[in-house]
Structure formats: C-alpha cells, structure tokens
Amino acid sequence: MMNGKFISIEGVEGAGKSTQISFIHDYLVEKGKTVVMTREPGGTELSEKIRELLLTPSELAMGVDTELLLMFAARAEHIKQLIAPALARGDWVLCDRFVDATFAYQGGGRGVDQQRIQQLADWTLKDLLPTLTLLFDLPVELGLKRVVERNEAIDRFEQEKVTFFEQIRASYLESALQNPERIKVVDASVSIPEIQQQLTKLLSPLL
Ligand code: Z5A
C-alpha cells in the first residue's frame, strides 16, 4: 500500500497546525510531490458528517465510548476511501491529526484505557501508520490564548478545562518518547517562520 509517504500533524488546540499545513503542502509540491491534504475526523463526505456530530456543541451528551467509536468509524472510512488509494497511487498524504490524536484525546484526556484504543487501532489501521508525525508542542495556556484571539466559534472539545488539555499534551509527549523514530516534536511556541525552519529540517530526510 505504501508507495507514497504518509505525514500526520498533531498537537493541542491552537498549536498552529492549520497555519502550517499549507506551508508543508506547498513545500512538498515545490519538491515535485503530488500531495493529498486531508484531516481527521473527516476527509471524506461521510467522515465529515461524523466530524460534525463529534465537534458541534449539543445538548445531547455524548458518552466516551460513543466518541471513541465515532472517531474510529470516521477513520475506517477515511483510510478505505482516501488514504489507502492515495498511497497506493504513490501520492503523499498530509493529514491534520490521525490515530495519535485518539491516544492523546480519548486516552489521555478522557481516560479511556490505552489497550482498548490499541485494539481498535489494530483492527482499523492494520499496519498503516504515518511515516512521519509532526507533533506541534507548546504550553497549553499559550495555545488556548491563540484560540481565543482567533475569535472563531468554540467547538465541543474547546469547551473543556485546561487540565483536560494538560493531560492531552502529556500523553502526546509520552507517545513521542515511545516512538522517537516516527514522532518528531516541533517547538510550536515560537514565531511562524521559526516553526517553518524546523519543519523543512524535519521533512528533508524524507525527500
Ligand atoms: N480529536 C479527537 O478527540 N480524537 C481524534 O482521534 C481526532 C481528533 C482525530 C478536531 O478539531 C478536534 O477533534 C480536536 C481533537 C479532536 N479538538 N479540538 N478542538 P479541529 O481539527 O477543528 O481543531 P484543532 O485540530 O484543535 O485545530 P485548532 O484548534 O484550529 O488549532 P491549530 O490548527 O493547531 O491552530 P491554528 O488555527 O493554525 O492557529 C491558531 C491561531 O494561532 C490562529 O489565529 C493563528 O493565526 C495563530 N498562530 C498560529 N501559529 C502561530 C505562531 N507561531 N505564533 C502566533 N500565532 C500563531
């Protein structure tokens, strides 16, 4: 399946992923790659509908298991319809969040047992994992400040308390420690051009 390369981008709220994903896209295209840019939850018509359920604040409470299973339902569809075919064609896939987000948010943040997440990952991903995961790291308070200053509608996750995001950050950093070859930490607290310098350094070994 893996003729192309698969890059995922992760981090807590306001880390600057959306800001930098176009930069990464343009950088790879400049290097002659065909790049498919996508996101999770989402990326296909059906998965985007699941995204709406997951992110739109609602009076209907959503159980932790439901949230977890919806993330994987969206992901199964995304892999089958978009990611696997793109990689098989030899395209590069650039994905705003992937399975590490589930370990961080549903595992670290919501407290779901990591082994349960691993079982769903084994079932859904088979052996598909990103070649490279760029983890945008910054203090939670700074990320949340950026989100507030951005002045856009707050989604269901962004309504959570600071401690929730601290647990997510810790979980991401732990994953990076456990998977140093795949997950590279980007200091996202610095300026946009400084982050771009880090990104080109981390991407160049793949080219
Ligand atoms: N989720 C989950 O729980 N489990 C899963 O398995 C998956 C996802 C896959 C998706 O939301 C939600 O789903 C997410 C986790 C959960 N939680 N939330 N919320 P999303 O994709 O819509 O949102 P996000 O991924 O959290 O992105 P974000 O909040 O939009 O943050 P961002 O993309 O990293 O940041 P940004 O929009 O690029 O930047 C934020 C602001 O800061 C903006 O005004 C920028 O202009 C500014 N900015 C960016 N970089 C800088 C620098 N370097 N300096 C100063 N200012 C900056």
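First listed ligand is number 1; within each ligand, the first listed atom is number 1. Side chains are part of it too, since the values below use all heavy atoms of this structure and drop only hydrogens, waters and symmetry mates. Along the sequence shown, the residues carry numbers beginning at 1.
Evaluated by nearest non-hydrogen atom to atom 31 (O) of ligand 1, the leading choice among Gly14, Ser8, Gly43 is Gly14. Ranked by closest heavy atom to atom 35 (O) of ligand 1, the top entry among Gly16, Pro41, Gly107, Ser189 is Gly16. Across Ser18, Ser22, Ala74, Ala15, heavy-atom proximity to atom 33 (O) of ligand 1 is greatest for Ser18. Of all the listed residues (Glu194, Glu13, Arg150), Arg150 holds the heavy atom that lies closest to atom 28 (P) of ligand 1.
Closest to atom 21 (O) of ligand 1 among all protein heavy atoms lies Arg51 NH2, 3.4 Å. When only non-hydrogen protein atoms are considered, atom 47 (C) of ligand 1 lies nearest to Arg146 CD, 4.2 Å. Of all protein heavy atoms, the one lying nearest to atom 4 (N) of ligand 1 is Gln106 OE1, 2.8 Å. Protein heavy atom at the shortest distance from atom 6 (O) of ligand 1 is Thr102 OG1, 2.6 Å. The nearest protein atom to atom 1 (N) of ligand 1, hydrogens excluded, is given as Met71 CE, 3.5 Å; this is a heavy-atom distance. Leu55 CD2, 3.6 Å is the protein heavy atom nearest to atom 11 (O) of ligand 1. Looking at atom 25 (O) of ligand 1, its nearest protein heavy atom turns out to be Lys17 NZ, 2.6 Å. Atom 38 (O) of ligand 1 has its closest protein heavy atom at Thr19 OG1, 2.5 Å.
The two residues Pro41 and Glu48 come nearest to each other via the heavy atoms O-OE2, 4.4 Å.
Heavy atoms of Glu158 approach ligand 1 to within less than 4.0 angstrom. A heavy-atom separation below 4.0 Å is found between Arg75 and ligand 1.
Between Phe98 and Phe6, a ring centre-to-centre spacing shorter than 6.0 Å is recorded.
The contact set between ligand 1 and Ile195, taken as ligand atoms under 4.0 Å from a residue heavy atom, comprises 53 (N). Applying the 4.0 Å criterion to heavy atoms of Ser191 picks out, from ligand 1, the atoms 53 (N).
A cation-pi contact links Arg75 to Phe72, judged by a cut-off of 6.0 Å to the six-membered ring centre and 45° from its axis.
Looking at Gln167 and Tyr105, their side chains never come closer than 4.5 Å, going by heavy atoms from C-beta outward.
For the side chain to side chain contact (heavy atoms under 4.5 Å, CB included) test with Glu13, the passing option among Val140, Leu144, Leu138 is Leu144; the others fail.
Using a 3.5 Å distance cut-off with no hydrogens or angles, the side chains of Ser171 and Glu174 do not pair a donor with an acceptor.
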